[in-house]
Amino acid sequence: MSVDSAPAASPADPAPAEAGKDFIRDIIQGDLDAGVHQSVVTRFPPEPNGYLHIGHAKSICLNFGVAQEFGGRCHLRFDDTNPAKEAQEYIDAIERDVRWLGFDWGTHLHHASDYFEQLYAWAEHLIGAGKAYIDDQSADDMRASRGTLTEPGKNSPFRDRSVDENLDLFRRMRKGEFANGTRVLRAKIDMTSGNINLRDPVLYRIIHTPHPRTGTAWCIYPNYDFAHGQSDAIEHITHSICTLEFEDHKPLYEWFLENLPVPSKPKQYEFARLNISYTILSKRHLTQFVREGHVTGWDDPRMPTIAGIRRRGVPAAALRDFIKRVGVARANSVVDAAMFDACVRELLNKTAARYMAVLRPLKVVIENYPEGQVEDLDAVNNPEDPSAGSRKVPFSRELYVEQDDFMETPPKKFFRLSPGKEVRLRYAYFITCREAVKDAAGNVIELRCTYDPASRGGNSPDGRKVQATLHWVSAGHAIPSEVRIYNPLFTRPDPGADGDVVADINPQSLEIIADAKLEPALSAARIGEAVQFERLGYFTKDAESTDAHAVFNRTVGLRDSYAKAK
RNA sequence: UGGGGGAUCGUCCAACGGUAGGACAACGGACUCUGACUCCGUGAAUCUAGGUUCGAAUCCUAGUCCCCCAGCCA
């Protein structure tokens, strides 16, 4: 299912270290200036339970970005503490995506599972200090005694077990003597705390499921709270940057650092996660879309995953630019999806080679053009980049133009082809429409036109002007191709606001054009290479293409002030 | 009605007691062999009410609204 152009081991397009400015960078600069740290060490800590999305890209750019800017380092650490949800496929995809984004963790690829033995020892340390106990309550009973947002919790009847009993039970948990869900290790903190995370949080649970890395070595696993801060401490992370919802966990994070003989004391900082209009960035929902087949996979170009964005043809640099423009703050916000498109267009305008392609072909016959004659006309590859040079485009008597570029009875502001109207065919000739040929149903199926031989190359020696320049493809030379047009996956800017995300999925999110016509030079396009189809948008050849059947994805359309005016 | 956070143009982010600025979006114009690009221009904001101060988006007080937390997920 998953077609992916796998990047090389190190980033093909490394991110440049250009400093942004935000409260996180202010804090780091302050710490460095004050000598709190000699250098900065950050980490990007994904759980390998799904593919990375554009929200993760924000965290990646932040963590790796500050490390780069301040001359420190950033670790890639898999937070693999729950084997029931994690898989090797995700681990591989995450490494690939981080590299593609342009970042390099060097030798610092780590896993929470690397620390299972140490974390276990620390758990026994806590038990020995009387600060953790084995609870035999069921999950339901624990929930009932935890209290609510407004009512304090009640102590577990197992809270005062002896150190020896706790130690014995914990060791037997590790040995696998107990079934899933029968016992947990809890910290002994304060069941009446206003912060629910401090009401004797669970530290270890029994999960008899093989782990992608440690196999069956363990059947008890630390949870996030017991693993994260300690892993940070082991790696000497200086600034542990996470999203706002972990703010309530900070007191717990610090409680472990204070009560355990950890080698360093990292500090946690939180920022607001990324939200984008017309987009869902929740792993739970993205997983659902894949599982239920609303999309073709994690790398479906409609998905906000890094793999999907890449496959759609967005360059890593455009994604980085977007993240940079969005900024980092603590206020919840929803970024306009148009800002992402703007970043993509801005980069592609400078870099993408231009070609002509007709998506919805309408046959044009140039009546006064000699049958059998073919001319190779010069076309500029990229007007924004003279070094890109030029190419030849074949012109002949029978051509295709876009159906949208003809109207039998045009409204006032329609500049394109209509009966009697003269337009320019880009890089070719002025042509005038003489007749629209229709089928029995009255549909226009062909245009009979004449050309002005003196306008070869696209300019008339008498200096007369035309209002429109159209793209075109020689019928006899055209390469047939499938083109996939992607529209927003959702019909509303705030999908799921009424409670059902799936109900807001856009039934027209994918338009497949089976028989587009491409100019011959496009046969050399490489998979993943960004090109512009003139007047239409930016496209890239999909990895599903075969020699016999090309497939192009639309990355993003061009701005279209005419369409908007209509 | 517990605990924790947050409110600045339509949107996102700046301004760190001293002229509220940038980007995206919108609108108008110029240019154009892409109705693209580019360029020029226009409109557009400090949650409310008090207070401190020569001066407040920034400090204080009281409100209002929004977000997060009751997994043996992360």
Side-chain angles (χ1 to χ4, degrees), chain A residues 20-23 26 45-47 49 79 81-82 84-85 135 137-139 142-144 146-153 180-186 192-199 201-207 221 223-225 227-228 242-251 270 272 274 277 283-284 322 324-343 345-346 349-350 354 356 379-380 383-384 413-416 424-428 430 457-459 465-471 493 532-537 557-565:
Chain A
K21 189 77 168 110
D22 52 67
F23 78 98
D26 286 347
E47 183 190 16
N49 66 344
D79 227 333
T81 57
N82 187 351
K85 294 190 170 181
D135 196 335
Q137 289 185 105
S138 68
M142 269 184 59
R143 187 178 314 117
R146 185 156 29 230
T148 68
L149 295 179
T150 51
E151 305 157 27
N180 288 357
T182 53
R183 287 184 167 79
V184 292
L185 179 71
R186 299 178 75 175
T192 67
S193 173
N195 182 343
I196 293 176
N197 293 299
L198 264 18
R199 318 238 264 229
V202 170
L203 273 31
Y204 268 88
R205 65 293 209 209
I206 301 168
I207 306 175
Y221 293 91
N223 67 358
Y224 167 84
D225 287 302
H228 203 96
C242 62
T243 45
L244 249 27
E245 67 269 26
F246 292 102
E247 211 168 2
D248 288 344
H249 293 248
K250 184 150 56 181
E270 313 86 16
L274 178 65
S277 60
K283 237 190 240 177
R284 183 183 128 237
F322 171 69
K324 188 176 166 187
R325 290 196 209 188
V326 157
V328 182
R330 285 178 65 89
N332 292 113
S333 61
V334 181
V335 177
D336 191 339
M339 201 187 283
F340 181 66
D341 290 346
C343 293
R345 288 193 192 103
E346 185 176 302
N349 175 52
K350 285 182 267 188
R354 271 62 169 172
M356 290 196 287
V380 173
E384 302 287 322
K413 285 291 190 186
F414 188 80
F415 299 153
R416 286 107 96 148
R424 174 190 294 113
L425 293 183
R426 188 146 161 90
Y427 300 124
F430 283 13
N459 284 301
K465 303 287 186 196
V466 288
Q467 282 181 298
T469 299
L470 310 185
H471 61 278
Q532 183 191 104
F533 291 175
E534 294 219 31
R535 301 212 302 137
L536 296 174
L558 254 29
R559 290 186 61 187
D560 186 352
S561 57
Y562 173 69
K564 202 158 50 182

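Order of the sequence lines fixes the chain letters, A, B, ..., with proteins taken first and strands second; residue numbering starts at 1 for each chain. All values below come from the heavy atoms of this structure, side chains included, with hydrogens, waters and symmetry mates left out.
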Kindly give the atom pairs (protein nitrogen or oxygen, nucleotide nitrogen or oxygen) under 3.5 Å for nucleotides 11-14 of chain B.
{"residue": "U11(B)", "atom": "O3'", "partner": "Val334(A)", "partner atom": "O", "Å": "3.2"}
{"residue": "U11(B)", "atom": "O2'", "partner": "Val334(A)", "partner atom": "O", "Å": "3.0"}
{"residue": "U11(B)", "atom": "O2'", "partner": "Asp336(A)", "partner atom": "N", "Å": "3.4"}
{"residue": "C12(B)", "atom": "OP1", "partner": "Val334(A)", "partner atom": "N", "Å": "3.1"}
{"residue": "C12(B)", "atom": "O3'", "partner": "Ser333(A)", "partner atom": "OG", "Å": "3.3"}
{"residue": "C12(B)", "atom": "O2'", "partner": "Val326(A)", "partner atom": "O", "Å": "2.7"}
{"residue": "A14(B)", "atom": "OP1", "partner": "Val328(A)", "partner atom": "O", "Å": "3.2"}

With 3.5 Å as the limit, what N/O pairs link the protein to nucleotides 39-43 of chain B?
none

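Taking every side-chain heavy atom of Asn82(A) into account, A74(B) is the closest of G5(B), A25(B), A74(B). Each of C24(B), C72(B), C37(B) was ranked by its minimum atom distance to the side chain of Ala139(A); first place goes to C72(B).
In terms of the ring pair (Phe, Tyr, Trp, His ring centres under 6.0 Å) criterion, residue partners of Phe322(A) (sequence neighbours excluded) are, by chain and number, Phe340(A). When the ring pair (Phe, Tyr, Trp, His ring centres under 6.0 Å) test is applied to His228(A), the partners found at least two apart in sequence or on another chain are Tyr224(A). The side-chain contact (heavy atoms from CB on, under 4.5 Å) check on Tyr204(A) picks up Leu119(A), Tyr120(A), Ala123(A), Phe170(A), Leu185(A), Ile220(A), Pro222(A), Phe226(A), with sequence neighbours excluded.
G10(B) takes the anti form, because its glycosidic angle lies more than 90° either side of 0.
Applying the 4.0 Å criterion to OP1 and OP2 of A36(B), one finds that Arg345(A) has every side-chain N and O outside that range. In this structure, Thr81(A) reaches the A74(B) phosphate: one of its side-chain N or O atoms is under 4.0 Å from OP1 or OP2. Contact between the side-chain N/O atoms of Lys465(A) and the OP1/OP2 oxygens of U32(B) is not found at any separation under 4.0 Å. A sub-4.0 Å separation between OP1 or OP2 of G71(B) and a side-chain N or O of Arg146(A) is present.
Across the interface with RNA chain B, nearest-nucleotide mapping of Arg424(A) and Asp79(A) shows Arg424(A) to be the residue nearer the 5′ end.
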Original post:
Which dot-bracket notation, 5' to 3', represents the base pairing of RNA chain B when pairs are defined as Watson-Crick or G-U with both distances under 3.5 Å, crossing pairs as [ ], and inter-strand pairs as |?
Top reply: .((((((..((((....[..)))).(((((.......)))))....(((((..]....))))))))))).....

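At a threshold of 4.5 Å between non-hydrogen side-chain atoms, the residues Ile207(A) and Asn82(A) count as touching.
Electrostatic pairing of Lys21(A) and Asp26(A) counts as a salt bridge here, judged by a charged N lying under 4.0 Å from a carboxylate O.
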